[in-house]
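Here is the structure we will look at, set down as structure tokens.
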Amino acid sequence: MSSPARRITLKDLARELGVSTATVSNAFNRPDQLSPALRERILGEAKRLGYRGPDAKARSLRTGRSRIIAVILAESLTYSLNDAVSSEFLSGVAEVLDTQGHTLLLLSARQAKCQLVDSASMADGFIVYGLMPSDELFDSLPLNASLVAVDFNVAGHPSVHIDNEPSCFEIADHALSVKSRKRPAIVNLRLTETPCNGRVTPEHILLPPERTITRARLSGFYRALEKHGLDSEQVPMWNVEENTFDVCAPVIEEILDLPDAERPDLLLCMSDRLALTALTLAEQRGLRIPDDLCLIGFDGIAEGQYRAPRLTTIRQESGDKGRLAARMILGLEPRHSRLLKTELILGETCH
DNA sequence: CCCGCGGTATTTCATCTGTT
DNA sequence: AACAGATGAAATACCGCGGG
């Protein structure tokens with residue numbers, strides 16, 4: 001009867017070979033620390049005995065590192081993997097981690113706190129994506145952990161941003177310049193203090209700029225409206241809580257189904273998803289784009305550029321964002337805040 | 001309270017080479 | 001013969017935590 005076979009360890013192998021554990025460790029991790037002949041002997045014996053190499057858990061116990069970088073997402077994992085903007089961002093992060101021998105741990109701030117904190121403890125660094133800073137969360141992360149914030153500021157840590165206000169000014173300015181639009185309207189993304197899918201009324205309190213990036217987008221729109229002699233306070237505004245077709249559609253329908261005289265002739269949308277939803281639903285209603293309704297988006301996702309009419313929008317390079325954040329975490333890039341450029345894309349939905 | 005899990009980083013030691 | 005480096009390998013300390 002054989003006793004239940006315990007997994008063979010580095011120690012067993014060392015004893016078997018009559019060398020020290022350190023030498024076996026070096027055979028696997030630092031070939032320059034021992035002679036090629038001895039290394040061959042060790043690796044050969046390891047293979048023969050079925051030793052697969054140093055155990056990852058024990059290694060990180062000793063080194064204090066795991067080669068795992070965690071991305072903490074504001075949204076659910078499902079949304080983040082499906083949404084064009086955030087999946088492109090994640091892809092950029094993954095690309096850098098891949099080449100640097102690191103792996104990716106995806107966490108959502110929507111998970112139960114204790115679960116999130118447990119998983120977080122194994123990461124070497126954190127990229128916090130689009131997340132409103134909550135002290136409660138940051139206090140629970142490992143002390144002295146390196147952290148890079150994306151789209152938000154986290155006190156004491158570098159961040160990666162895009163120029164939301166100027167780019168929204170630029171595109172709204174363009175939209176208002178090409179042709180006189182009498183009834184502009186704004187479609188917000190998650191900008192009210194209390195969740196709201198629909199018309200934003202004066203009772204609604206808007207989130208302050210430090211709580212959401214869309215507030216900066218709104219400021220850009222407002223500045224352009226004022227420049228064109230419009231009272232921005234009078235411009236009707238709708239709000240959408242989640243950047244998916246299913247959540248956008250009812251709000252957009254509410255706008256498009258207004259009587260002709262009230263229906264906006266220009267929609268300043270804070271995302272391409274919003275603009276594309278409007279495009280789809282407007283076409284279904286026989287509205288001509290851009291003659292009856294002019295649309296602008298934000299993000300520059302592929303879906304908006306590989307269809308006709310092409311969306312007029314602001315392209316942000318989400319992949320670059322991810323690559324930069326990852327490089328900063330790994331120390332391949334100086335750890336100071338960066339502002340990435342965006343680009344105005346002149347499509348066919350606004351001219 | 002302290003040991004031991006399975007490893008690694010760092011320091012120390014023992015030999016080997018080459019030079020005067 | 002005496003000794004300085006160079007080199008390969010071993011000794012040592014330590015990681016956080018659960019169980020005796």
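Numbers restart at 1 for each chain; the letters A, B, ... are given by sequence-line order, proteins then strands. In this text the structure is predicted, and so the values were computed from the model without any measurement.
- Within the nucleic acid shown, A:Asn26 has no heavy atom closer than 4.0 Å to any nucleic acid atom.
- Atom P of nucleotide C:dA10 and atom CZ of A:Arg15 are separated by 15 Å, given to the nearest angstrom.
- Between the CG atom of A:Leu17 and the P atom of C:dA9 there is a distance of 12 Å, rounded to whole Å.
- Applying the 4.0 Å criterion to OP1 and OP2 of B:dA9, one finds that A:Thr63 has every side-chain N and O outside that range.
- Contact annotation: A:Arg30 side-chain N/O to B:dA9 OP1/OP2 distance is under 4.0 Å.
- Within the 4.0 angstrom heavy-atom criterion, only backbone atoms of the sugar-phosphate kind lie near A:Tyr51; the bases stay farther away.
- The side chain of A:Arg59 approaches B:dT8 more closely than any other nucleotide in the set B:dT8, B:dC5, B:dA9.
- A:Asp55 places its CG atom 13 Å from the P atom of B:dC5, with the value rounded to the nearest Å.
- Comparing A:Arg65 and A:Lys57, the nucleotide of DNA chain B nearest to each residue sits closer to the 5' end for A:Lys57.
- Distance from the side chain of A:Ala22 is smallest to C:dA11 among B:dT10, C:dA11, B:dG6.
- Neither side chain, A:Asp98 nor A:Gln100, offers a donor N or O lying under 3.5 Å from an acceptor on the other.
- The interatomic distance linking A:Gln33 (CD) with B:dC13 (P) rounds to 18 Å, in whole Å.
- Where A:Leu34 and A:Thr21 each meet DNA chain C at their nearest nucleotide, the meeting point lying more 5' is that of A:Leu34.
- Distance A:Arg52 CZ to B:dG7 C1': 18 Å, rounded to the nearest Å.
- Atom C1' of nucleotide B:dT8 and atom CZ of A:Arg67 are separated by 14 Å, given to the nearest angstrom.
- Residues A:Asn153 and A:Glu210 bring no donor and acceptor atom of their side chains to less than 3.5 Å of each other.
- Among the atoms of the strands shown, only primed sugar atoms or phosphate atoms (P, OP1, OP2) are found under 4.0 Å from some heavy atom of A:Val19.
- In this structure, A:Ile296 CD1 and A:Leu346 CG are separated by 11.0 Å, a value rounded to the nearest 0.5 Å.
- Between A:Asn29 atom CG and B:dG7 atom P the separation is 10 Å, expressed in whole Å.
- Atom CZ of A:Arg62 and atom P of B:dT8 are 10 Å apart (whole Å).
- Looking only at side-chain heavy atoms (C-beta outward), A:Phe221 and A:Ile171 come within less than 4.5 Å of each other.
- Residue A:Ser20 places none of its side-chain N or O atoms closer than 4.0 Å to OP1 or OP2 of C:dA11.
- Taking the centre and axis of the six-membered ring of A:Phe298, the NZ or CZ atom of A:Arg217 falls inside the cone set by 45° and 6.0 Å.
- The side chain of A:Leu61 lies closest to C:dC15, out of B:dG7, C:dG8, C:dC15.
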